Amino acid sequence: MFNFYLLLLILLISFIFFYFGYRQAHILKTLQNQKLHSLSHYYGLYVLLSSLLPSLGLYFVLTICDDVVFAYMIKTYIPLDVLNSKDYNFNIVLAQIKNSVDGLIFGAPPQWVSDTAEIWKTWVFKSNIVTFILCFITSIISGYFGFLKINSKFRSRNAVERIIMTLLAISSVIAILTTIAIIFSVIFESIRFFVLIPFDEFLFGTVWNPQFEGAERAGSGQEGLSQYGAVPLFAGTFLISFIALSVSIPIGLFSAIYLSEYATSKERAIFKPLLEILAGIPTVVYGFFAALTVAPFLRSSGSFFGLDVASESALAAGLVMGIMIIPFISSLSDDVINAVPQSLRDAGYGLGSTKNETVLKIVLPAALPGVVASIILAVSRAVGETMIVVMAAGLAANLTANPLEAVTTVTSQIVTILVGDQEFESAKTLSAFALALTLIIITLGMNFYALHIVKKYKEQYD
Amino acid sequence: MTNKLINPTRASEIVKNSIAKRRAKDNRLKLYGRIAIGFAVCFLIFLFSSIFIKGYPGFFQYYVTLDINFDRERIDPQGDLSDNSLFNGEASKIVNEALFTIIDPKGRKAKKQAKKMVSSGKDVRLTNLVKSNPNLFGTISSVKFALDDDIDSFLRGYIKRETPESERRISDQIIKFVDKLDKEGRISYEFSDYILNGSASGNPEMAGIKGAFFGSILTLSVCLLIAFPLGVATAVYLEEVAKKNKITELIEVNINNLAAVPSVVFGIMGLAIFISIFGMPRSIPLVGGMVLALMTLPTIIISSRAAIRAVPPSVRDAAYGIGASKLQVIFHHVIPLAMPGMLTGTIIGMAQALGETAPLLMIGMVAFIVDVPNSVMDPGTVLPVQIFMWADFAERMFIQKTSAAIIILLGFLISMNAFAIYLRKKLERRW
Amino acid sequence: MINEENDFRKLDLTVGDVFSKDARLKARNVNVFYGNNKAIDNVTIDIGNKEVISFIGPSGCGKSTFLRCFNRMNDTIDTCRVEGKITLEDENIYDRKIDVVPLRARIGMVFQKPNPFPKSIYDNVAYGPRIHGLCENKDHLDGIVEQSLKRAGLWEEVNDRLLSAGTGLSGGQQQRLCIARAIAVSPEVILMDEPCSALDPIATAKIEELIHELGNEYSIVIVTHSMQQAARVSKRTAYFHLGKLIEVGKTKNIFTRPKHSQTEAYISGKIG
């Protein structure tokens, strides 16, 4: 609440400054008959911005930093016996303290937790006061300096526009910051993981059996209990993606060919959007459908044929995922096929080709780079898909090529590990980051490759 | 040199003979195309009808009408309608008494079973009633209470009378009670007021999506408030202001990459940075909205850029010609003209964000939260995550409610997309 | 000089020798519509055996449209409707029972802008024989490819790089490749729609020479907007104006002693 009111106050002050700036410009124009470069509201805007931006920036810096600083400082207040105890874990302690601060008290926490929480709360209180005063003063002072600048020589509109352009540029940088944030967060934790578990064991090991070490520190010599060989996960991802693609590629391609070459415009107007709907259905709905309808159906029809189909089979997840991916292939391929120039088709027809000969021997080969790219993008989507596999495929890391068995995937493990209680130090939690890193490398790699293919072969008939 | 080329007449004959087979192949390809599309459409129909069939009953529940003696001293002992007073009152007991007068259970075992017949939310229902309508005190009025989910399943026919008692979830005794209530016309099948008003609950008959719904609204609002301005600002910058140099290329490559990153990874980033480093609380719509905003940003940027590019240069030239500055051209001319396209892209992006589950799981919006979140800082969950959580529960009624929740979710998505298409058609300009 | 007022015009007949003794293709009262617009108005003409005939006329007079009627390429345009009769050896090609595929194998086409397939030179030429099943074995196919390229005057230049991309050739070479491609299916008639308009003068000269030679084997109908080109390559010329066939005759005569006043106007540059 405090934050909200402070922000409101800063905003209010800046509006007041706007008024003064506007009025000043107006006075200069009318009463003192000075020629001003810009319209009055630009002067108001300038003063507003000069009051608002510095104090807003200061506010964000202080709010974000104080938590970090407090966490650092609170260390000195943790009782020595807790610090030295065997299962000391700073993150857990921090969480306990924070819970107490937020008022989430379950049962009777140890006394030292309540005490440190009280200390923390006083810090928060002090920091709030400091933030308030600093922001308030900053907004007034910087606003005043902005106000002083108003005179006949000042080109307010240009100044305002420069500021706005800078803001626009900064917002664009957010995209880069996000990428950096993703890379940073994943790599940092992955490195900590690979310190504990050697690289090759992760990539080539065939047993995936992470355990929570509980109070025990990771890597303190208890190998043999937990194993982090990711091969079963890769195999599971591969198996399910393979099933998905064997559904989506034929359906997607044939649909695309029909829609672009054979369909009447009425048919196209109806069926193209219908296929796109498949892409708009949330994956949780697909997962629900896969788990509650497809999987039992496969299981019962399997037993009808004497096959033992697991209740969480790779086949169920793969089939549904395949259907979800159809639009990726059909839409993109359709676009690429349509982009093939009509002159090539004319040449084919002129020689006496039937439609299917023209499509299969002339158009598709010409569109092939785009089609291949769309398939790669579909694979990338399949590999990164989470909800369908979490809900319909299993959690058992099973190294198999049998689609009737339950397997698990990279994404499924990431979710399982990170949802629920975590200790940030343990190898199990860190393994999720290592998996995420592999996932990012694979999907981004595929996307780059797809773009590369399109670029490389694009010149062919342009 | 011998003429290798075939004599035209001969060639013509060969071609004529080959026609039948080639036409057959042509028709086959056409057929495959139709089968493929047909398969996809059939699946779509199958999916929607399956969800609808499962979910439609989820909007309805069985209720029992009981005559409640609104004895003030027993319900509100302190007489002030405070929560404390009502908590200490005997609301549950009163409801059970009303029930017992009708079915007259004999013996401790029967009474114990009978107490479970009405949903355990009965006391809350009663106390809410008196809070909103204190005039009820001193009267005997009929109130509808939801029945426990096992009885509900029995009434729907999923639990069969014929099954031997040991394999059934409800006993013969309960069935006798239910029959009695039914004979007196006290059992009704009505639109459930829990599905929309209730929140997460372990009891299927009380479960509802209200909490998740508001959570979704809050989260999406945060997402929109962050992603739309940022997205438009970035699109404007890249298209109108920035010079084409290495840095802008880098930004563009970045944006395209972000569009390709799996959603889980955004959740991980949110977990590692917003929660671990910045120390924000888990499970709140603010963090969820921030993560979703970063995910939706590429979509909004790409569609906004397309919309800006569609504005013809002649408009800009005219504005510059009058002496407008660059920003004036952008804000007075380009953005208003490109706004329909930007809005359409944003709505579609929001629709995608509404259906996202995985990243929100990562940042913890998956806890069992009963209260409806009131602000972006209160812990909450979103509709797709609620569906995910319910999907694990095996009770029949949960399956129905989950399907009902899916119907609601799909309803929103369809409306949002339809709105976007409508906007696009209506505001489309032919330059 | 025959003018509008003369009997011929009143009967709306074409001037000159419309018919040929040894006709390959006979067009009778052909009308072509794009939607409601009439593009070709009641045209009757014979295409003789092993002759080169040019269609000339100002832009937009319908010569390309009429040309495309002969191999039913107008079928690919949804709004186009063709009425009348065109017979190839006494079979009306617009008859419902006729399959368009063998027709197009007998009547080949070369387009205005060279459009080789993005395949190798060999595969470009081999495409037609392959789909029609004209060859029994690889040697036979090799022979057909070689022969076609030789007839198109391209063999010398490309025989060492048959597997390189067809699109890597120069404009003139590409067009000759397209001609070779058409020849490979052993057509009887080759239709050419302004084949040189996208080419430089040297390439144009080479192709004109080629057409002259090909006229000994095939009936060639060439649409051209260049009167000089018509004079160079064809024995017979047909002058079209606004969808009507005005005059047909020996090229020499058309250009020196045209019978119709409109023809004369076009030739002397007064219109067009």
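Model, not experiment: these values are computed from the prediction.
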Trainee: Does the side chain of B:Pro262 come within less than 4.5 Å of A:Thr411's, by heavy atoms?
Mentor: no

Trainee: State yes or no: are the ring centers of B:Phe39 and A:Phe254 separated by less than 6.0 Å?
Mentor: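 No.
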
Trainee: Taking the side chain as every heavy atom from C-beta outward, state whether B:Asn257 and A:Leu444 have any atom pair closer than 4.5 Å.
Mentor: yes

Trainee: Run A:Glu161 and B:Lys326 through salt bridge (Lys or Arg N to Asp or Glu O under 4.0 Å) and show every step you take.
Mentor: CA-CA 9 Å; A:Glu161 297 199 339; B:Lys326 191 172 207 124; over 6 Å; no

Trainee: Please give me the minimum heavy-atom distance between A:Ile414 and B:Met362, naming the atom from each residue.
Mentor: O-CE, 3.9 Å

Trainee: Side chain, backbone, both or neither: which part of B:Gln328 has a heavy atom under 4.5 Å from chain A?
Mentor: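 Its backbone and side chain both get close to chain A.
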
Trainee: What are the two closest non-hydrogen atoms of B:Ile273 and A:Ser185, and how far apart are they?
Mentor: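 Smallest heavy-atom distance, with atoms named: CG1-CB, 4.1 Å.
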
Trainee: Assess whether side chain to side chain contact (heavy atoms under 4.5 Å, CB included) is satisfied between B:Phe48 and A:Ile281, documenting all intermediate values.
Mentor: CA-CA 10 Å; B:Phe48 276 102; A:Ile281 298 178; 4.2 Å; yes

Trainee: Is there a side-chain contact between B:Phe43 and A:Ile326 in this structure, where contact means two heavy atoms from C-beta onward sitting under 4.5 Å apart?
Mentor: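 Counting from C-beta outward, B:Phe43 and A:Ile326 never come under 4.5 Å.
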
Trainee: Measuring heavy-atom distances to chain A, does B:Ala242 have an atom under 4.5 Å in its side chain, in its backbone, in both, or in neither?
Mentor: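 The answer is neither part of B:Ala242.
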
Trainee: Pick out which of B:Leu47, B:Leu44, B:Val41 makes a side chain to side chain contact (heavy atoms under 4.5 Å, CB included) with A:Ile277.
Mentor: B:Leu44

Trainee: So, using side chain to side chain donor-acceptor pair (under 3.5 Å) as the criterion, who are the partners of B:Arg305 when residues are at least two apart?
Mentor: B:Glu239, B:Glu252

Trainee: Are the side chains of B:Arg22 and A:Asn356 in contact, using a 4.5 Å heavy-atom criterion?
Mentor: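 Of all side-chain heavy-atom pairs linking B:Arg22 with A:Asn356, none is under 4.5 Å.
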
Trainee: Work out which heavy atom in B:Leu409 is nearest to a heavy atom in A:Pro282; give both atom names and the distance.
Mentor: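 It is CD2-CG, 3.9 Å.
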
Trainee: Does some side-chain heavy atom of B:Val261 sit less than 4.5 Å from a side-chain heavy atom of A:Asn447?
Mentor: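 No, their side chains stay 4.5 Å or more apart.
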
Trainee: Going by the rule side chain to side chain donor-acceptor pair (under 3.5 Å), which residues pair with B:Asn245 if we only count those two or more places apart in sequence or in a different chain?
Mentor: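 Side chain to side chain donor-acceptor pair (under 3.5 Å) check on B:Asn245 returns B:Thr248.
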
Trainee: I'd like to know if the side chain of A:Tyr262 pairs up with that of B:Asp26 as donor and acceptor (distance under 3.5 Å, no hydrogens or angles considered).
Mentor: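 Present: a donor and an acceptor within the cut-off.
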
Trainee: Flag the one option from A:Glu267, A:Met446, A:Arg157 with the top tally of heavy-atom pairs under 4.5 Å to chain B.
Mentor: A:Arg157

Trainee: Test side chain to side chain contact (heavy atoms under 4.5 Å, CB included) on A:Thr178 and B:Met269; report intermediate values, then the result.
Mentor: CA-CA 9 Å; A:Thr178 312; B:Met269 177 205 72; 4.0 Å; yes

Trainee: Is any side-chain heavy atom of B:Ser50 closer than 4.5 Å to a side-chain heavy atom of A:Phe289?
Mentor: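 The answer is yes, as the side chains (C-beta and beyond) meet within the 4.5 Å cut-off.
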
Trainee: Where on A:Ile183 is there a heavy atom nearer than 4.5 Å to chain B: the side chain, the backbone, both, or neither?
Mentor: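 Looking at A:Ile183, nothing touches chain B.
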
Trainee: Please state whether the side chain, the backbone, both or neither of A:Phe184 comes within less than 4.5 Å of a heavy atom of chain B.
Mentor: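 For A:Phe184, side-chain heavy atoms alone lie under 4.5 Å from chain B.
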
Trainee: Please report the closest heavy-atom contact between B:Ile399 and A:Phe288, naming both atoms and the distance.
Mentor: O-CZ, 4.1 Å

Trainee: Within the structure provided, determine whether A:Thr354 and B:Lys25 are in side-chain contact (heavy-atom separation under 4.5 Å).
Mentor: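 With C-beta onward as the side chain, the pair stays apart.
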
Trainee: State, with a plain yes or no, whether a side-chain heavy atom of A:Thr293 is found less than 4.5 Å away from one of B:Lys54.
Mentor: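 SC-SC contact between A:Thr293 and B:Lys54 confirmed.
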
Trainee: Where does B:Ile37 contact chain A at under 4.5 Å (heavy atoms): side chain, backbone, both or neither?
Mentor: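 Both backbone and side chain of B:Ile37 come within 4.5 Å of chain A.
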
Trainee: Any chance you could measure A:Ile164, atom CD1, to B:Tyr237, atom OH, to the nearest 0.5 Å?
Mentor: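 If I round to the nearest 0.5 Å, the distance is 14.5 Å.
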
Trainee: Pair B:Leu258, A:Ile182 - check side chain to side chain contact (heavy atoms under 4.5 Å, CB included), show working.
Mentor: CA-CA 10 Å; B:Leu258 279 182; A:Ile182 293 179; 4.0 Å; yes

